[in-house]
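Report on the following structure.
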Number of protein chains: 2
Amino acid sequence: MSDAFNSECPAREVLEHITSRWGMLILAALGEGPRRFSELHATIGGISEKMLSQTLRTLVRDGLVTRTVEPATPPRVSYELTPLGRGLTTSLEQFLSWIRKHTIDVVTAQRRHDKQHG
Amino acid sequence: MSDAFNSECPAREVLEHITSRWGMLILAALGEGPRRFSELHATIGGISEKMLSQTLRTLVRDGLVTRTVEPATPPRVSYELTPLGRGLTTSLEQFLSWIRKHTIDVVTAQRRHDKQHG
DNA sequence: CAGCATCCAAAAGGATACTG
DNA sequence: CAGTATCCTTTTGGATGCTG
């Protein structure tokens, strides 16, 4: 059985692609529906075009995202979750929802910790 | 409202701590119950003591994990999820469960992709 | 056992300039 | 618009040696 705890198992690589610095945010943004390159760039604060392009290529290769070029000038390229990728949406949304609700608790804990220690 | 898509929002830092290279695996391992340092080291394949210690410190500071020292020789140190951290367990387990089920699909997609392209 | 400190190599990733 | 290519800095993280 595939096991992310085993560093030799392909599951580890899948984990690292999805939880890579930008992977989660891209997948979450695409959970809302198809998006163009420039829309993703605007939605995800702080991402460079290089990293957006690079991470999207990884996700396309992993079969989680499709890339569609509409022939036009200027070119329109849109990205969309595959059925496989859509299987992740629920748990990713739950996870991001937890963060929305509990960021304040984490910040509070950090402050308390920094006050007690260095 | 806290928003991980905004690179200035503390939520982004919370996201990055949890989805850091080793953060998810540590939190998932602790989802099973309290664990000692050496147990975590054995459970999580490929992690160095340095990174285990470093990531645990971050999670403790974030209020997701507690560190307990039992005075003994040799010292016994155990880590456990806080109530806050336990709130993450369900969605993390769903996520890792998805990976267990679909690693094979991702590997298949990668192979198909590598065959068609370079 | 459970770390921390230091050093160093490798990888990630940002800035910039350029292209169809 | 949607990238690619190059350069260069920052970060990551492994190895090693040491400590209570």
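All values derive from a computational prediction rather than experimental measurement.
A sub-4.0 Å separation between OP1 or OP2 of C:dC4 and a side-chain N or O of B:S53 is present. In this model, the phosphate group of D:dA2 is not approached by any side-chain N or O of A:R76 to a distance below 4.0 Å at OP1 or OP2. Residue B:S38 places none of its side-chain N or O atoms closer than 4.0 Å to OP1 or OP2 of C:dC1. In this model, the phosphate group of D:dG3 is approached by a side-chain N or O of A:R67 to a distance below 4.0 Å at OP1 or OP2.
Nearest nucleotide to the A:P75 side chain, out of C:dG20, D:dT4, C:dA2: C:dG20.
A donor-acceptor contact under 3.5 angstrom links the side chains of B:S2 and A:T103, judged on distance only. Between the side chains of B:R112 and B:T108, not a single donor N or O lies within less than 3.5 Å of an accepting N or O.
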Which protein N or O atoms sit under 3.5 Å from an N or O of nucleotides 13-15 of chain C?
unit_1	atom_1	unit_2	atom_2	d
C:dG13	N7	A:K50	NZ	3.1
C:dG14	OP1	A:R21	NH1	3.3
C:dG14	OP2	A:S48	OG	3.3
C:dG14	O6	A:K50	NZ	2.5

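Rounding to whole angstrom units, CD1 of residue B:I26 and C1' of C:dG3 are separated by 14 Å. One atom, CG of B:L52, and another, P of D:dG13, lie 13 Å apart when rounded to the nearest Å. Taking atom CZ of A:R35 as the reference point, atom C1' of D:dA2 lies 18 Å away to the nearest angstrom. Taking atom CD of residue B:E70 and atom P of nucleotide C:dG3, one finds them 12 Å apart after rounding to whole Å. One can place CZ of B:F37 at 14 Å from C1' of D:dT19, the figure rounded to the nearest angstrom. For the pair A:Y79 OH and D:dC1 P, the interatomic distance rounds to 14 Å; values are reported in whole Å. Going from atom CD of B:E49 over to atom P of D:dT16 covers 13 Å, rounded to whole Å. Between the CZ atom of B:R57 and the P atom of D:dT12 there is a distance of 14 Å, given to the nearest Å.
Note: B:L84 CG to B:D62 CG = 9.0 Å, rounded to the nearest 0.5 Å. A distance of 10.5 Å separates CE of A:M51 from CG of A:L56, quoted to the nearest 0.5 Å. The OG atom of B:S20 sits 12.5 Å away from atom CZ of A:R21, with the distance rounded to the nearest 0.5 Å.
In the helix from C:dC1-D:dG20 to C:dG20-D:dC1, the end axes, each obtained as the rotation axis mapping the C1' atoms of four pairs onto the next four within a five-pair block, lie 50° apart to the nearest 10 degrees.
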*Do A:E13 and B:Q110 pass the side chain to side chain contact (heavy atoms under 4.5 Å, CB included) test, and can you show the C-alpha distance, the side-chain angles, and the key distance before you say yes or no?*
CA-CA 12 Å; A:E13 194 193 349; B:Q110 289 174 350; 4.0 Å; yes

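Checked for salt-bridge contact, B:D114 and A:R61 meet the test: a charged N lies under 4.0 Å from a carboxylate O.
The local environment of CD in B:E70 is crowded, with over 12 non-hydrogen atoms from other residues, nucleotides or ligands closer than 6.0 Å. The environment of CZ in B:R86 is crowded: more than 12 heavy-atom neighbours from other residues, nucleotides or ligands sit within 6.0 Å.
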